[in-house]
Amino acid sequence: MCGRYTQTAKLQDLMDRFGIEDPDFELAPRYNLAPSQDAPVVGVNPKTPDTRTLRLMHWGLVPYHAKDAAKPIINARAETLGQRPAFRNLLPRRRCLVPADGFYEWRKEGRVRTPMRFTLRNGEPFAFAGLWDRWLRPDGTPFYSFTIVTTSPNSVIEPVHNRMPVLLLPEDEAKWLDPAVTDPAALSPLLKPYPADLMRGYCVSRAVNSPANDSPECLAPDEAPLTLLRRP
DNA sequence: CCAGACGTTGTT
DNA sequence: GTCTGG
DNA sequence: CCAGACGTTGTT
DNA sequence: GTCTGG
């Protein structure tokens, strides 16, 4: 999973906590972020271990060795992160936090697919665990991109989907961003399903289905599926 | 050794 | 670049 | 993830 | 059906 999320508040919090200066792009809330779009990401930069970079990156990892950007990777399985050739070199040094405050999954009932939004119960923003990379376009200009780590679902997500994105516990965010931490064995314990009792989910408008709809309408609780079943 | 892949999800 | 498959 | 397209030639 | 774009 994890092919759509919301990001309306976490940035300032992360900037404060990690001493990041104002970015050179506008901070605008996003209600329906989709793969292949640009999203703000806080990354560990191996060349400047004492600082964190906040920049817009393309959702859909294009590995540095790629010949073209034709096959972006939007998710990475936590279970095999340290083994896959494409990821094992990124895990030690190219981790990132992807700020968010909700994500969407589609519940399947027959052929009806109802979008649901999952958030923390306390409504606080959070961060997905991500990996990023830099690819060089044919013209030599850098292209920054990231992927979101997924894991097995907790009991809140499980009725809807067989995977869920990794939400880092707030107390684990600093470790995920610490360039001094390079041991996969120290990192993989962070990539667990988020505690179910701290999460909730609710149905939202089918407006979410189109990535072109990037408005607060995507956040509003919706009971529309019931009206579809109503008979005169 | 060289050639070719390097990823996930969902759906049937 | 680095791993896998042949 | 969903929505929407699914093509070629020649010319600049 | 399958790929691309958002």
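Chain letters run A, B, ... following the sequence lines, proteins first and then strands; every chain starts at 1.
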Using a 3.5 Å cut-off and no angle test, enumerate the donor-acceptor pairs between side-chain atoms of residues 134-142 of chain A and protein atoms at least two apart in sequence or in another chain.
residue: Trp135(A); atom: NE1; partner: Ala66(A); partner atom: O; Å: 2.7
residue: Arg137(A); atom: NH1; partner: Thr141(A); partner atom: OG1; Å: 3.1
residue: Arg137(A); atom: NH1; partner: Pro142(A); partner atom: O; Å: 3.0
residue: Asp139(A); atom: OD1; partner: Thr141(A); partner atom: N; Å: 2.9
residue: Asp139(A); atom: OD1; partner: Thr141(A); partner atom: OG1; Å: 2.7

Look for any protein N or O under 3.5 Å of an N or O in nucleotides 3-6 of chain B and output each such pair with its distance, or none.
residue: dC6(B); atom: N3; partner: His65(A); partner atom: NE2; Å: 3.3

Can you tabulate the close N/O pairs, meaning under 3.5 Å, that link protein atoms to atoms of nucleotides 3-6 of chain E?
residue: dG6(E); atom: N9; partner: Ser36(A); partner atom: OG; Å: 3.3
residue: dG6(E); atom: N7; partner: Pro35(A); partner atom: O; Å: 3.1
residue: dG6(E); atom: N7; partner: Ser36(A); partner atom: OG; Å: 2.1
residue: dG6(E); atom: O6; partner: Pro35(A); partner atom: O; Å: 3.4
residue: dG6(E); atom: N2; partner: Arg4(A); partner atom: NH2; Å: 3.4

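The main-chain N or O of Phe18(A) is never found under 3.5 Å from a side-chain atom of Arg52(A) such that the two would form a donor-acceptor pair.
Under a 4.0 Å N-O distance rule, the pair Lys10(A)/Asp101(A) does not qualify as a salt bridge.
Partners of Phe103(A) under the ring-ring contact (aromatic ring centres under 6.0 Å, His included) rule, at least two apart in sequence or in another chain, are Phe118(A). With sequence neighbours excluded, the residues satisfying side chain to side chain contact (heavy atoms under 4.5 Å, CB included) with Asn122(A) are Leu120(A), Glu124(A).
If you measure from atom CZ of Arg94(A) to atom P of dG1(C), you get 14 Å, rounded to the nearest angstrom. Across the protein-nucleic acid pair, Arg163(A) atom CZ and dG7(B) atom C1' stand 12 Å apart, rounded to whole Å.
Proximity of Thr80(A) to the phosphate of dG7(B): no side-chain N or O atom is located under 4.0 Å from OP1 or OP2.
Nucleic acid contact for Pro72(A): base, since at least one base atom lies under 4.0 Å from a heavy atom of the residue.
Counting only Watson-Crick or G-U wobble pairs whose defining distances are both under 3.5 Å, the stems of 3 or more consecutive pairs in DNA chain D are D:1-6 with E:1-6.
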